[in-house]
Colleague: 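Attaching a single structure in structure tokens format; questions to follow.
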Amino acid sequence: MIKYYKLLDTINRRSMTKEVLRLQIDVSSATMSKISAHKTVSLDTIDKICCTLNCQPGDMIEYIPADNSKD
């Protein structure tokens, strides 16, 4: 599963809100909700964020394997 906690940490460290980022990259509030919920967003959105924050995708997302073990 892709997690966006690095992005959320980055915007917090920059004293930026998700709303300010949303307006800068010109995406819907639904897209920002998807990021907050670690849901799928388009590569276009990832590209816009990288351009705005001057970062690489790995600076804002991380793949974390799902725990598929049965208890």
Colleague: Atom CG of L21 and atom CD1 of I25: how far apart are they, to the nearest 0.5 Å?
Modeller: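 Between atom CG of L21 and atom CD1 of I25 there are 4.5 Å.
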Colleague: Let me confirm one number: the OG-CG distance from S36 to L7, rounded to the nearest 0.5 Å.
Modeller: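 The distance works out to 8.5 Å.
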Colleague: Please round to the nearest 0.5 Å and tell me the distance separating atom OG1 of T40 and atom CD1 of I2.
Modeller: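 That separation rounds to 8.5 Å.
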Colleague: Locate the shortest heavy-atom distance separating D26 from K48; write the atom from each residue and the value.
Modeller: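 Heavy atoms of D26 and K48 come nearest at O-NZ, 3.6 Å.
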Colleague: With respect to Y5, which candidate in I64, T10, I61 satisfies the side chain to side chain contact (heavy atoms under 4.5 Å, CB included) definition?
Modeller: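 With Y5 as partner, I64, T10, I61 yield a single side chain to side chain contact (heavy atoms under 4.5 Å, CB included), made by I64.
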Colleague: Rounded to the nearest 0.5 Å, how far does OG of S33 lie from NZ of K18?
Modeller: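 If I round to the nearest 0.5 Å, the distance is 7.5 Å.
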Colleague: Determine whether more than 12 heavy atoms belonging to other residues, nucleotides or ligands lie under 6.0 Å from atom NZ of K39.
Modeller: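 No, not enclosed.
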Colleague: Looking at CD of E19 and CD1 of I11, how far apart are the two atoms once the value is rounded to the nearest 0.5 Å?
Modeller: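 Here the interatomic distance stands at 10.5 Å.
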Colleague: Would you check if the side chain of Y63 reaches a backbone N or O of K3 as a donor-acceptor pair within less than 3.5 Å?
Modeller: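 Looks like no, no N/O pair under 3.5 Å.
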Colleague: Check C50 against P57 and note the closest heavy-atom contact, atom names and distance.
Modeller: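 Looks like SG-N, 3.6 Å.
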Colleague: To the nearest 0.5 Å, tell me how far E62 CD sits from H38 NE2.
Modeller: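 Result: 11.0 Å between the selected atoms.
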Colleague: Under the criterion side chain to side chain contact (heavy atoms under 4.5 Å, CB included), which of I35, T31, V27 is the partner of R22?
Modeller: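 Single pass found, and it is V27.
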Colleague: For the hydrophobic clusters of this structure (ILVMFWY residues joined by side-chain heavy atoms under 4.5 Å, transitively), does one cluster hold both M32 and V20?
Modeller: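 Linked within one cluster.
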Colleague: Determine whether L23 and M60 fall in the same hydrophobic cluster, where Ile, Leu, Val, Met, Phe, Trp and Tyr are linked whenever their side-chain heavy atoms lie under 4.5 Å apart.
Modeller: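 No, separate clusters.
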